[in-house]
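Letters A, B, ... mirror the listed sequences (proteins, then strands); counts begin at 1. In this text, all values refer to a predicted model and were calculated from it rather than measured experimentally.
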Amino acid sequence: MSEVSYREISRNGLWNNNPALVQLLGLCPLLAVTGSVVNALGLGLATLAVLVGSNTAVSLIRHQVSDAIRTPAFVMIIATFTTCTEMLMKAYTYELYQILGIFIPLIVTNCAILGRAEAFASKQSPLPAAFDGLMMGLGFAAVLLVLGAIREVIGSGTLFANMDLLFGPMAANWGLQLFGDNYGFLVMILPPGAFLVTGLLIALKNIIDARNLARIEATKSKPLKGSKRVRTTGAIQ
Amino acid sequence: MGSQLEKSMGLNGRVLGLFALITSLLLAGTHLGTKDKIAESQRRAAQKALLEIIPQAQHDNDILTDTLTIPQHYWAILGLKKGGELHLARKQGKVFAIIVPAVAPDGYSGAINMIVGIHLDGTVAGVRVLNHSETPGLGDKVDLKKSPWVLSFDGKSLGSPPAARWKVKKDKGDFDQFTGATITPRAVVAQVARALHYFGEDKKRIIKDSGALQIEGQIEGGKP
């Protein structure tokens with residue numbers, strides 16, 4: 001694989017190949033913890049940290065590890081970073097750690113992470129690999145945040161409630177009460193709400209993409225016939 | 001062929017072994033670095049709930065460490081599987097309230113862990129739900145963050161309301177249920193009542209044993 005431009009990496013991570021909206025990876029935590037902004041941000045940041053760490057480490061050892069033991073080695077790296085993140089969250093954001101509970105250790109099983117290690121980091125030098133981890137992580141966290149915000153506003157009628165769990169006492173009154181005290185729209189807090197909003201977000205992205213494509217085709221005098229397809233399957237051992 | 005396979009297996013094994021070693025070192029390092037901070041955070045989280053029931057101003061001992069073990073034959077009534085300790089709140093060495101852990105086993109989705117503060121006269125000092133997996137928006141109103149419902153226990157005792165009325169209103173008791181959720185408050189009310197029963201039975205021992213601890217505390221403590 002040749003060098004990939006940083007611009008391309010950013011576009012891929014944040015939009016074109018967004019782990020949550022396009023690759024549909026890591027849906028379990030995505031759907032489970034996005035009941036509020038603070039939960040979403042907590043898990044988003046944790047995933048981001050693991051992704052950057054594991055991508056960098058995988059890239060650093062890509063020449064030392066043979067194909068036969070590639071996957072166990074990658075899993076070991078990812079598990080290590082996840083456990084470190086878990087311990088750090090337990091130490092500094094204990095209450096948030098308790099809320100996110102099982103979903104922090106479950107970052108290990110987030111396919112987005114092993115996927116990036118396999119598809120990108122294992123073929124690139126450390127810097128682009130780390131940058132890819134950052135951008136993919138940001139793309140994932142952004143979707144978590146949007147989901148969390150929408151579900152929190154419609155479901156509980158608040159926004160940025162309990163942010164002190166993540167940012168300490170100074171964030172204690174960041175919370176906004178948008179509707180009345182007794183407001184609550186249960187389905188948005190429960191899993192079905194997560195599916196609904198995720199579906200709507202994917203649809204929205206597709207609409208935007210379709211519009212952009214139409215605009216590009218309209219400005220081009222000669223549209224390219226038969227788009228070039230690239231297969232990116234790894235070597236079969 | 002065979003020897004080549006063995007060779008590559010040996011090499012791969014060594015590389016993986018090296019990996020395991022490095023990652024373990026990394027984990028051990030992080031563990032050592034965060035160990036104290038985690039213990040501190042856990043302590044603070046546990047203390048926070050205790051202090052919510054008995055505020056700092058009311059007592060002058062360290063509630064978190066001033067504890068008595070709960071005898072095994074009381075575990076069942078409190079819903080404890082692995083036993084537990086009750087916390088003592090003292091003013092000038094004299095116990096005036098206890099905080100006892102209790103688990104309501106019959107919540108809508110599993111056990112509800114809580115702590116119940118009880119004054120020596122048998123009235124409830126406060127109830128807090130520590131963790132639960134009740135339905136968000138319905139059953140989770142037992143959590144003080146979501147609703148002030150648990151405060152309705154404050155000042156109640158087994159005599160007032162009478163023991164027969166320690167139920168939710170739907171069951172002809174005195175405590176409110178939530179719209180759309182009766183099972184959760186029913187479980188909590190019943191478990192608080194059981195915790196009060198426990199205290200009635202174990203009160204003598206608690207007072208006796210805490211008296212012995214008091215002398216110990218004065219020797220080692222010395223601080224107000």
Practice prompt. Measure the spacing between CE of A:Met87 and CD1 of B:Ile38 and express it to the nearest 0.5 Å.
Written response: 7.0 Å

Fill in: Spacing of B:Leu26 atom CG and A:Thr80 atom OG1 [to the nearest 0.5 Å]
6.5 Å

Item to complete: Starting from the C-alpha separation in whole Å, work towards a yes-or-no answer on side-chain contact (heavy atoms from CB on, under 4.5 Å) for B:Lys48 and A:Glu95.
Response: CA-CA 11 Å; B:Lys48 202 173 145 191; A:Glu95 281 172 87; 3.3 Å; yes

Discussion item. Using a 4.5 angstrom heavy-atom cutoff, name the option from B:Ser8, B:Ser41, B:Gly13 with the most pairs to chain A.
Written reply: B:Ser41

Discussion item. Taking NZ in B:Lys91 as the centre, count heavy atoms belonging to other residues, nucleotides or ligands within less than 6.0 Å. Is the count above 12?
Written reply: yes

Worksheet item: Atom OG1 of B:Thr23 and atom CD1 of A:Ile77: how far apart are they, to the nearest 0.5 Å?
Response: 8.5 Å

Discussion item. Do B:Arg44 and A:Tyr94 make a side-chain contact, defined as non-hydrogen atoms from C-beta onward lying under 4.5 Å apart?
Written reply: no

Fill in: B:Phe178, CZ: over 12 other non-hydrogen atoms inside 6.0 angstrom
yes

Worksheet item: Which residue out of B:Glu40, B:His31, B:Gln42 racks up the most heavy-atom pairs below 4.5 Å with chain A?
Response: B:Gln42

Practice prompt. Heavy-atom pairs under 4.5 Å with chain A are the metric here; pick the option from B:Gly33, B:Ala45, B:Ala20 that has the most.
Written response: B:Ala20

Item to complete: Decide yes or no for B:Leu27 and A:Cys84: does some side-chain heavy atom of the first lie under 4.5 Å from some side-chain heavy atom of the second?
Response: yes

Worksheet entry | Side-chain heavy-atom pair A:Ile61, B:Phe19 within 4.5 angstrom cut-off | yes

Item to complete: Start with the C-alpha distance between A:Met76 and B:Leu16, add both sets of side-chain angles, then the distance that settles side-chain contact (heavy atoms from CB on, under 4.5 Å), and finish with yes or no.
Response: CA-CA 9 Å; A:Met76 203 145 40; B:Leu16 268 188; 3.9 Å; yes

